[in-house]
Enquirer: 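Provided herewith is a single structure, encoded as structure tokens, for subsequent inquiry.
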Amino acid sequence: MEKLRKRIQRLKEKRPGYGEILEFYLKVREEQEKIKVSSRIKPILLKKEWKDLLTKEGFPLLQREDFPLDIEASVILFQSLCQIGKEANPYMSEHVNKIEEIFDKKRINLKELLKEGLKEKRIGQIADELRLDKKVFLFLIQSSIRPSIEAGVEQLRSELDPETWLKGYCPICGSLPYLSLLKDEVGKRYLLCSFCGYQWRIERLICPFCNNKEQGALQYIYGEGEEAYRIDLCDKCHQYIKTIDLRKLEETDPSLEDLATLHLDILASQKGYKRPVPNPWIT
Ligand SMILES: [Zn+2]
Ligand SMILES: [Zn+2]
């Protein structure tokens, strides 16, 4: 955490415009870390058939709703994240207040809702029905269960080989990647799961969303003077993924680096490319 704080301080000095969002990020991460220490999840019992399906058919090990959650811890975290949200900015504050009201008036039971995990469709329906901001609502739920999800990934780590999967979706939960990372001296490329945070290897030159490998239909853009960050554009599916070169950075919190380079996302979207998994931190 100390490293993270220092990195945030440095980023804020370099890009003052990001101050508010980086401060918010730090507070959320601090709460998540605090909860992580005391949260407990049930062991995940993998069936042999599931592992066979993974190797033979490429089916992910779990569905998102199969992850065991520490509900008590998630409820506490949800409440502290609401508090942080209310202090973040007027927009967040307004929408978090509305969300809290729904639970205070017992129109929805928070515990029951968290038990369902992250069902985007269902959360979207509730948000529409009760006129809540869907992105803020999703963010609060996803961030509250995240420590449990990460604990689940730790349990499964020894069941998988991150070097041999090579697909465009997560071997653990089947979700799309959120970022791509370059590591080791040779610059091996990895994908980072948008839901569970697992990292697995992929080829250097491939679009993870449509498997396009044609050199002529893949291009990059860099920000000025920012060689650690790159946007990989695919001209087949017109989508992009941000690549962070961890060899060029001391701190290795990819989500933070992603958040501090939103200007590259704007650049890509101006060129007409879409990001399949939007950044959950911006509302
Ligand atoms: Zn995953
Ligand atoms: Zn593509």
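Being a predicted model, the structure only gives us computed values, none of them experimental. Order of appearance sets the numbers: ligands from 1, and atoms from 1 within every ligand.
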Enquirer: Around the Zn ion (ligand 1), list the protein N/O/S atoms within a radius below 2.8 Å, excluding water molecules.
Expert: Cys170 SG, Cys173 SG, Cys193 SG, Cys196 SG
Enquirer: I'd like to know if Arg107 and Glu101 make a salt bridge, using a cut-off of under 4.0 Å between side-chain N and carboxylate O.
Expert: no
Enquirer: Side chains of residues 58-71: which donor-acceptor partners sit under 3.5 Å, not counting sequence neighbours?
Expert:
from: Arg64; atom 1: NE; to: Ser175; atom 2: OG; distance (Å): 3.2
from: Arg64; atom 1: NH1; to: Glu120; atom 2: OE2; distance (Å): 3.2
from: Arg64; atom 1: NH2; to: Ser175; atom 2: OG; distance (Å): 3.2
from: Asp66; atom 1: OD2; to: Gln63; atom 2: N; distance (Å): 3.0
from: Asp70; atom 1: OD1; to: Glu72; atom 2: N; distance (Å): 3.3
from: Asp70; atom 1: OD1; to: Ala73; atom 2: N; distance (Å): 3.0
from: Asp70; atom 1: OD2; to: Arg40; atom 2: N; distance (Å): 2.7

Enquirer: Answer yes or no: is there an ion pair linking Glu150 with Lys36, defined by an N-O contact shorter than 4.0 Å?
Expert: yes
Enquirer: Are Lys47 and Asp52 close enough for a salt bridge, meaning some N to O gap below 4.0 Å?
Expert: no
Enquirer: Any ion pair linking Glu2 and Lys6 (charged N to carboxylate O, less than 4.0 Å)?
Expert: no
Enquirer: Between Asp265 and Asn279, do the side chains contain an N or O donor and an N or O acceptor separated by less than 3.5 Å?
Expert: no
Enquirer: So does Glu214 pair up with Lys236, basic N to acidic O under 4.0 Å?
Expert: yes
Enquirer: Hey, is Asp245 close enough to Arg230 for a salt bridge, meaning N to O under 4.0 Å?
Expert: no
Enquirer: Considering residues at least two apart in sequence or located in another chain, which fulfil the side chain to side chain donor-acceptor pair (under 3.5 Å) criterion with Glu112?
Expert: Lys115
Enquirer: Sort by chain and number the protein N/O/S atoms found under 2.8 Å from the Zn ion (ligand 2).
Expert: Cys207 SG, Cys210 SG, Cys234 SG, Cys237 SG
